[in-house]
Amino acid sequence: MPESGPSTPYVANKPKDIPTAEALRARIPGWGVDLDRKDRPSYPREVYDPGSTGAHWDYPEEQPHREGRERSIEHGQLTPVFGTSAPLHGVSGSIRRYAYRYGEGRAAHWLLLLLGDRVDAWGAHAASFVSLRPDNPITETGVLAEGRRHGIASRFGRKRVDVNHQWIDPIVVAGPWVAGAAGAFLGVRAIVRRGRR
Amino acid sequence: MKAMVYRGPYKIRVEEKPMPRIEHPNDAIIKVTTAAICGSDLHLYHGLMPDTRIGHTFGHEFIGVVEEVGPSVQNLKRGDRVMVPFNVYCGSCYYCARGLYSNCHNVNPNATAVGGIYGYSHTTGGYDGGQAEFVRVPFADVGPTIIPDWMDSEDAVLLTDALATGYFGAQLGSIVEGDTVVVFGAGPVGLYAAKSSWLMGAGRVIVIDHLEYRLEKARTFAQAETFNFAEYDDIVVEMKRTTDFLGADVVIDAVGAEADGNFIQQVTGTKLKLQGGSPIALNWAIDSVRKGGTVSVVGAYGPIFSAIKFGDALNKGLTLRMNQTPVKRQWPRLFEHIQNGYLKPNDIVTHRIPLADIAEGYHMFSAKLDNCIKPLIIANPS
Ligand SMILES: NC(=O)c1ccc[n+]([C@@H]2O[C@H](COP(=O)([O-])OP(=O)(O)OC[C@H]3O[C@@H](n4cnc5c(N)ncnc54)[C@H](O)[C@@H]3O)[C@@H](O)[C@H]2O)c1
Ligand SMILES: [Zn+2]
Ligand SMILES: [Zn+2]
């Protein structure tokens, strides 16, 4: 027990080493300007004020080309507006469409979506090699920044704790490439062999 | 037009893409001048967010010039310089009518548990983002705001997410005068949260990270005390020690789903993706706060389950508050704070990178090279 006797929280007072408001105001420009909760923009959390948003509709006009757009089964309808960045296609598209049969509370929904993501990536890599712009692991991973941005000096001798797992990243990234290259090799070999027969 | 596109985990490139089109009468097309890379983009970049499709363009922090407007747009015209909140939102649904812009129900068909976000996978609606020369902005009368003449354009881009989120994170802490506030994470969001905590009357602000150069910024930019968790066997115990064994009144998680500090959690959560990320910082927050205290979570977590110490939260009687930031709601007050000189957002910008070099920019920000804190992307030099 300290000489002064038991202290917070074993007794009721607050910790003693908190500076006074005057001291804080002198040290930190703007200290306490939002002290009153009512000055804080998200207080209270919900404020019913539909006229304040700039919307001049009760329900937005519906964006066209709605048919086939996948949606969560937790939605009562397709939302009036939606993104069109990368419509479903191919094998990954079928996996993803299947994932959308499950509600958002189900692990199957999200794990199937992740599977769709990986299949999409593998398919895109494979397709890129018969395109005018094959994937380039050097430029696409930005790994040349290691040289230009002091990769070694930034990492070592600095007590960083992420260095202990960063070595795994190249494996995660290169693994599918190695597998893909091996697959391509086996595929080509099989075709060549069949051709010889 | 040129745009950053996703090619699979840890791989992106700049491609020629078709110009975005007006797809809805209240759309606008914005010519992006400056964009930014956010800590949230790293979750996509690392392949952690379900339904991140090849060819998708990231980027939810951007400003630009109006190129074209749809027939029902009333508040914007071609040539206006605008800042665009990272939320895509309609302004009229149940949630928007109550100010919960980040929880809009009319813009994301893919999920009900999250609203619309630019360039943030199909799980947030499938909208291409602003790390591109041009971007489609839905509900142009609702989200975008003309950049005031007095405002620095870099401050404007920081207001579209990082600054608004740090400030929102401090609000979620319900800080009262004299509170001890601990912020996990000294990235852009954590730095802004620490700085904002003072405005709300904190008596002590402590920032925790393992990157010394970021902690240095926390001391100079946010006048905070700092602790490098790599130097302590148990940072939670250290937080008890420094608060007379009470614990902090408020703890803010500004780290999110890819926290470091536990090898097993990192490998199972972010490398093998067996859980929705690694919630180490959130668990530290729950354990560092005092009983009856508040944990504010602005660090992002994905939809897949993660191993949270919920029993501690229950037994300690904690208040847990969290959300994606309703950005535009923060703006009027933040504009005042910037004008009064209380906040200088672009003090934390470390890199300005041309769009063409964005792949190296992502690698640098992801691997935390070259003392990077906040990288901006120059899409169309103005
Ligand atoms: N809620 C929202 O609306 C919203 C908006 C923007 C960003 N975010 C989220 O906020 C988080 C931070 O974003 P940022 O741009 O500052 O990212 P960032 O990656 O630059 O910063 C994260 C920091 O946390 C540190 N860190 C890692 N593990 C830690 C641990 N266990 N304890 C303490 N610090 C640790 C890292 O070293 C890094 O400095 C991300 O998860 C991002 O997705 C949420
Ligand atoms: Zn962000
Ligand atoms: Zn809405």
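Please read all numbers here as calculations on a predicted model, not as lab measurements. Order of the sequence lines fixes the chain letters, A, B, ..., with proteins taken first and strands second; residue numbering starts at 1 for each chain.
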Donor-acceptor contact present, side-chain A:T53 to main-chain B:G91, <3.5 Å = yes
The complete set of ring-ring contact (aromatic ring centres under 6.0 Å, His included) pairs with one or both residues in residues 50-80 of chain A, sequence neighbours excluded, reads A:W57-B:F139, A:H75-B:H105
By a 4.5 Å heavy-atom criterion (distance strictly below it), what part of B:E15 contacts chain A: side chain, backbone, both, or neither?
-> both
When rounded to the nearest 0.5 Å, the distance separating OG1 of A:T8 from CG of B:L246 is 7.0 Å
Could you go through the side chain to side chain contact (heavy atoms under 4.5 Å, CB included) check for A:R40 and B:L199 one step at a time?
-> CA-CA 10 Å; A:R40 303 179 188 172; B:L199 304 182; over 6 Å; no
Tell me, out of B:G361, B:P326, B:S174, who's got the most heavy-atom pairs with chain A below 4.5 Å.
-> B:S174
Could you please spell out the steps behind the salt bridge (Lys or Arg N to Asp or Glu O under 4.0 Å) verdict for A:D34 and B:R333?
-> CA-CA 9 Å; A:D34 292 330; B:R333 190 73 179 154; 2.8 Å; yes
Can you tell me if A:E61 and B:S72 form a side-chain donor-acceptor pair at under 3.5 Å?
-> no
Considering heavy atoms only, which positions within residues 88-100 of chain A lie below 4.5 Å of chain B?
-> A:L88, A:R96, A:Y100
Indicate yes or no for a side-chain donor-acceptor contact from B:R7 to the backbone of A:A124 under 3.5 Å, with no hydrogens or angles considered.
-> yes
Check: B:K368 main-chain N/O paired with A:R160 side-chain donor or acceptor under 3.5 Å = yes
Salt-bridge contact B:R53-A:E70 (side-chain N to carboxylate O under 4.0 Å) | yes
Cut-off 4.5 Å, heavy atoms of chain A, and the answer for B:N106 is both
Based on non-hydrogen pairs under 4.5 Å, which of B:K328, B:H56, B:R136 is most in contact with chain A?
-> B:R136
Quick one: does A:T141's side chain have a donor or acceptor within less than 3.5 Å of a partner on B:Y10's backbone?
-> no
Is it true that atom NZ of B:K17 has more than 12 heavy atoms of other residues, nucleotides or ligands lying nearer than 6.0 Å?
-> yes
Is A:R158 salt-bridged to B:E212, going by a charged N under 4.0 Å from an acidic O?
-> no
Interface residue of largest heavy-atom contact number with chain A, from B:G119, B:A202, B:G341, B:G99, under 4.5 Å | B:A202
Under 4.5 Å, heavy atom to heavy atom: which of residues 41-49 of chain A reach chain B? Give them by number, or say none.
-> A:P41, A:S42, A:Y43, A:P44, A:R45, A:E46, A:V47, A:Y48, A:D49
Roughly how far, to the nearest 0.5 Å, is the CG atom of A:D120 from the OG1 atom of B:T52?
-> 10.0 Å
Listed partners of B:N262 passing side-chain contact (heavy atoms from CB on, under 4.5 Å), at least two apart = B:I264, B:Q265, B:I280
Taking only Lys NZ, Arg NE, NH1 and NH2, and the carboxylate oxygens of Asp or Glu, determine whether B:R13 and A:D135 approach each other closer than 4.0 Å.
-> yes
When B:P9, B:A230, B:G8, B:A111 are compared by non-hydrogen pairs under 4.5 Å with chain A, the top option = B:A111
Calculate, to the nearest 0.5 Å, the distance between atoms CG and CG belonging to A:D117 and B:L48 respectively.
-> 10.5 Å
Rounded to the nearest 0.5 Å, what separation is found between the CD1 atom of A:I73 and the OG1 atom of B:T112?
-> 10.0 Å
Given a strict heavy-atom distance threshold of 4.5 Å, which part of B:Y167 is in contact with chain A: side chain, backbone, both, or neither?
-> side chain
Chain B contacts, top residue of A:L115, A:D39, A:T139, A:V163 (heavy-atom pairs, under 4.5 Å) = A:D39
With chain A, the option among B:N110, B:D244, B:V107 that has the most non-hydrogen atom pairs under 4.5 Å is B:N110
Do A:W31 and B:E177 have side-chain heavy atoms sitting under 4.5 Å apart?
-> yes
Is a side-chain N or O of A:E104 found less than 3.5 angstrom from the main chain of B:A113, in a donor-acceptor match?
-> yes
Pick from A:V143, A:I28, A:L113, A:L111 with the largest number of heavy-atom pairs that fall under 4.5 Å of chain B | A:I28
What's the spacing between B:T180 OG1 and A:I18 CD1 if we round to 0.5 Å?
-> 3.5 Å
Could you tell me which portion of A:R133 (side chain, backbone, both or neither) has an atom closer than 4.5 angstrom to a non-hydrogen atom of chain B?
-> both
Determine the option with the most heavy-atom pairs under 4.5 angstrom with chain A, choosing from B:Y127, B:Y95, B:Y6.
-> B:Y127
Counting heavy-atom pairs under 4.5 angstrom with chain B, the leader among A:P9, A:A23, A:P15, A:A55 is A:P9
Would you please say whether a donor-acceptor pair under 3.5 Å links the side chains of A:H165 and B:D260?
-> yes
Nearest 0.5 Å please: distance from the CZ atom of A:R149 over to the CG atom of B:L369.
-> 9.0 Å
Between B:N26 and A:V81, is a side chain to side chain contact (heavy atoms under 4.5 Å, CB included) present by the stated rule, with each step listed?
-> CA-CA 10 Å; B:N26 209 248; A:V81 166; over 6 Å; no
Does B:P109 reach the side chain of A:R66, with side-chain heavy atoms less than 4.5 Å apart?
-> no
Pick whichever of A:A145, A:A121, A:G151 has the most heavy-atom pairs under 4.5 Å with chain B.
-> A:A145
